[in-house]
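Chain A is the first sequence line, chain B the second, and so forth, proteins listed ahead of strands; every chain is numbered from 1.
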Number of protein chains: 2
Amino acid sequence: MKGKIFIIEDEASIVQLVQHNLEKEGFVVSSSLNGNEGLKELKKFEPNLLLLDWMLPDLSGIDICKNIRRDSNFKNLPIIMLTAKGEEEDKVKGLESGVDDYVTKPFSFNELSARIKAVLRRSDPKVVANELTFEDLKLDRIEKRVFRADKEIQLGPTEFRLLEFFLTNPKRVYSRDQILETVWPNNVNVESRTIDVHIRRLRQSINIEGKKDLIRTVRASGYSLI
Amino acid sequence: MKGKIFIIEDEASIVQLVQHNLEKEGFVVSSSLNGNEGLKELKKFEPNLLLLDWMLPDLSGIDICKNIRRDSNFKNLPIIMLTAKGEEEDKVKGLESGVDDYVTKPFSFNELSARIKAVLRRSDPKVVANELTFEDLKLDRIEKRVFRADKEIQLGPTEFRLLEFFLTNPKRVYSRDQILETVWPNNVNVESRTIDVHIRRLRQSINIEGKKDLIRTVRASGYSLI
DNA sequence: TTAATTTGTAATATTTCTGTAACATTAAAA
DNA sequence: TTTTAATGTTACAGAAATATTACAAATTAA
């Protein structure tokens, strides 16, 4: 079962892009272009998550947040705020007023989608898929287990996240930088070659008993899951 | 296995109270604030029991009841009706239209919970077990007893709640924060490392005589019941 | 009240994980 | 073939996370 997402955002082009893509992913989406109306509609709609623009013509994001958190029925509604580049201060205020995550405009839909799922996974796991599979590889996000050909495999936390990352987009090649950005906690600085070592560790763990190597090295580009 | 309960009730505050508490008891709960939509969602959700408000803005409880009883898939769905004080006549009508029990508002959650269990025990005994089990572990919520391999085990109150929590969702990994939120009384502030100590105490108690450890440590994530 | 049990924390021990550097190997370019 | 660049492999020290222990404060039972 996929969840319901409500969008409050005044740039129609963004709403359109996001709404369309989320619906393609199976979410039920409703939206409003302004704050006051949005609040009312939202409460009727009862979403599992709210995407909230921080700079609205009528109401500020903070006001909306406060209103929502005050309403006992929506106290726990996960909120992701959309903020324009550089409004660092807003991020702080946002996180203080109980926002769950934020995405800086301009953003790629993939980035937004990943954050939505991460937030939902925490707050409302049943609305989001928990098993990732590829060929005979299976990763369970809830139980934090990995299997290859039905045999359980032990992975360290970083290898787990790395595999999780590859599994969300099999076959796609990622550069070391992209991997770093996504798999490592923000503002951590690690040598890009470090990834090679983790790739090796991951390979060693998942390529059991003569099973073929599921990780492909793409010289000068990066790595991918086959 | 705990059952699924659907709620059709237009007072959001009641829905929230009931839903939250039922979920805490391990039921899977879904709800709707109005009759027509509720009927549709209910049929998708396939609950083991329905809590039905008798006075809805759009459809009357009777109509919903009739609709349900006419549908061969839900002919036997147990229904508990929620009725406002003094509407004696409704009770009669309700029982006539095949309601299994009724609860008069305002009600305490405990009262409702007891009735739900009573009705389920009659109609679908396997969903109400007051006993939670996992492998050779057994916990009786009523008698507050715990057994491993049929030998009784003494647990302190906190260890009991902790084990109870794990047993409602075996295999699932919980972070220390999640454990804290659920197992500890609200607004108590305890160090997150404290959980490690309680985990140890729990382990020490339930892993008797060389029996395997039933609690799994998942580095960087938390703990789970195997 | 006293005794017994339970609880949270801090201190210490242990285990596991991580990042890096150094060296080896492989593939591409010259 | 030789050279060069990129990736593979290994070992290891420091870091991080968890396990264990002991103890004092708080709670409950006797």
Check whether NZ of the Lys or CZ of the Arg Lys4(A) lies under 6.0 Å from the centre of the six-membered ring of Phe27(A) and within 45 degrees of that ring's axis. no
Rounded to the Å, how far apart are Asn207(B) CG and dT20(D) P? 11 Å
Give the angle between the helix axes at the two ends of the helix from dT1(C)-dA30(D) to dA30(C)-dT1(D), taking five base pairs at each end and rounding to 10°. 30°
Residue met sooner reading DNA chain C from 5', once Asn189(B) and Gly156(B) are mapped to nucleotides: Gly156(B)
Closest non-hydrogen atom pair between Leu162(A) and Val183(A), with its separation: N-CG1, 3.9 Å
Taking salt bridge (Lys or Arg N to Asp or Glu O under 4.0 Å) as the cut-off, I'd like each qualifying pair that reaches into residues 211-226 of chain B, sequence neighbours left out, listed once. Glu135(B)-Lys212(B), Asp136(B)-Lys211(B), Arg203(B)-Asp213(B)
Could you measure the distance from the CZ atom of Phe107(A) to the OH atom of Tyr102(A)? Nearest 0.5 Å is fine. 14.5 Å
Of the non-hydrogen atoms in Asn48(A) and Gly3(A), which two are nearest, and what is the gap between them? OD1-CA, 3.2 Å
Within 6.0 Å of CD in Gln16(A), more than 12 heavy atoms from elsewhere: no
Got a sec? Which of residues 159-175 of chain B come in under 4.0 Å of DNA chain C, heavy atoms? Glu159(B)
Parallel, tilted or perpendicular, as decided by the 30° and 60° cut-offs, for the rings of Phe165(B) and Tyr174(B): tilted
What does nucleotides 3-14 of chain D look like as a protein-contact string, B for base, S for sugar-phosphate only, - for none, at under 4.0 angstrom between heavy atoms? --BBBBSBB---
Can you name the one residue among Val18(B), Ile14(B), Leu17(B) that meets side chain to side chain contact (heavy atoms under 4.5 Å, CB included) with Leu112(B)? Val18(B)
Within the 4.5 Å heavy-atom criterion, are Gln19(A) and Ser31(A) side-chain neighbours or not? yes
Under the salt bridge (charged side-chain N to carboxylate O under 4.0 Å, His left out) test, which residues partner Glu159(A), sequence neighbours left out? none
Within the structure shown, what part of the strands sits under 4.0 Å from Thr194(A) by heavy-atom distance: base, sugar-phosphate, or nothing? base
Give me the first and last nucleotide of DNA chain C, going 5' to 3', that has any atom under 4.0 Å from a heavy atom of chain B. dT6(C) to dC17(C)
Nearest 0.5 Å, what's the SG-CG distance between Cys65(A) and Leu52(A)? 5.5 Å
Within a 6.0 Å radius of atom NZ on Lys43(A), are there more than 12 heavy atoms belonging to other residues, nucleotides or ligands? yes
Would you say the side chains of Ser113(A) and Asn110(A) form a donor-acceptor pair under 3.5 Å? no
